[in-house]
Amino acid sequence: MRINVSQQLKASVGSIRSYELSEIIDIGGSDSLVQGEVKLMRTNRGILAKGRLYTGVEVTCSRCLNLFSCPLALDIEEEYFPVIDAVTGALLSLPEEPGCFIIDEHHILDLTEAICQYALLAIPMKPLCREDCAGLCPKCGYNLNQGPCGCLPQQVDPRWSKLKRLASDVLINEREGTE
Ligand SMILES: [Zn+2]
Ligand SMILES: [Zn+2]
């Protein structure tokens, strides 16, 4: 996601250029296709990158533990500061903001780091492969998205059914407790 902005740094404040992005980048160890449009606007201090990007990051479902691609929409908005003046080549002092993004001495604005940061923040704390993921059987660990596991027999002796219900309530409570 490297864009050469040497021409735009010489343009007047407020000038805008649009870029269609489609690139695979490494987000938290997972190769992810990132697509969307980014607008770069010349500011008085540097260049403001703004746009909505779409990607999918491979994560583990918190209920069934399957890996799946979690779709993410990233609303990027970051200002980038040049380390040298594009016209004179003079060194510029950077703002004293921790972790501010820079445009390097070759006038390259690299969006990769910002995209990674936004994506990692956008991943849900407890990802679900789908809204109604059935999870794993608390007894045998079978993935209940693939059907019933057979742990609970269909025919229950009526004398046991009350106890059985009690037991499954406990299991459900335990399962909800761990979520
Ligand atoms: Zn799941
Ligand atoms: Zn089971």
Side-chain angles (χ1 to χ4, degrees), residues 1-3 17-41 47-80 97-102 108-179:
M1 297 272 161
R2 294 159 58 83
I3 301 169
R17 291 182 189 203
S18 297
Y19 295 86
E20 281 292 335
L21 303 179
S22 179
E23 209 174 301
I24 289 172
I25 67 173
D26 181 338
I27 298 175
S30 134
D31 278 341
S32 310
L33 177 64
V34 179
Q35 290 180 300
E37 191 191 57
V38 167
K39 285 187 161 61
L40 301 186
M41 186 176 83
I47 284 180
L48 180 71
K50 199 173 169 179
R52 170 166 276 210
L53 298 173
Y54 299 91
T55 187
V57 176
E58 195 163 83
V59 295
T60 303
C61 175
S62 61
R63 225 178 259 172
C64 71
L65 308 181
N66 265 358
L67 279 177
F68 72 102
S69 177
C70 179
L72 301 175
L74 314 174
D75 286 312
I76 304 273
E77 184 168 346
E78 288 295 336
E79 192 170 13
Y80 285 73
E97 292 165 24
C100 82
F101 291 106
I102 60 154
I108 299 295
L109 185 158
D110 191 348
L111 289 167
T112 310
E113 180 58 30
I115 291 167
C116 285
Q117 289 182 13
Y118 277 73
L120 292 175
L121 284 174
I123 294 172
M125 295 286 283
K126 292 183 176 172
L128 288 179
C129 63
R130 56 181 214 225
E131 214 40 63
D132 60 347
C133 171
L136 302 177
C137 168
K139 260 190 181 170
C140 70
Y142 185 78
N143 186 340
L144 298 173
N145 293 318
Q146 289 159 18
C149 60
C151 274
L152 302 173
Q154 299 296 329
Q155 294 297 321
V156 180
D157 187 319
R159 283 168 298 176
W160 287 104
S161 64
K162 202 173 172 189
L163 194 63
K164 196 102 208 171
R165 216 164 31 239
L166 202 68
S168 68
D169 281 352
V170 169
L171 284 174
I172 287 165
N173 285 340
E174 275 178 358
R175 187 157 54 167
E176 285 176 347
T178 57
E179 276 184 5

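The model shown is predicted, which means the values in this text are computed figures rather than measured ones. Atoms within each ligand, like the ligands themselves, are counted from 1 in listed order.
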Original post:
Given SG of Cys133 on one side and SG of Cys61 on the other, what angle do they make at the Zn ion (ligand 1), to 10°?
Top reply: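 Nearest ten degrees: 110°.
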
Subject >> Any side-chain donor near an acceptor of the partner, Glu58 and Ser69, under 3.5 Å >> reply: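 Distance-only check fails for Glu58 and Ser69.
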
Any donor-acceptor pair under 3.5 Å from [X] side chain to [Y] backbone:
X	Y	answer
Tyr118	Glu77	yes
Thr55	Leu33	yes
Thr60	Asn66	no

Subject >> Angle, SG of Cys140 through the Zn ion (ligand 2) to SG of Cys149 - 10° precision >> reply: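 About 110° at the Zn ion (ligand 2).
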
Original post:
To the nearest 10°, what's the angle at the Zn ion (ligand 2) between atoms SG (Cys137) and SG (Cys151)?
Top reply: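 Between SG of Cys137 and SG of Cys151, at the Zn ion (ligand 2), the angle is about 110°.
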
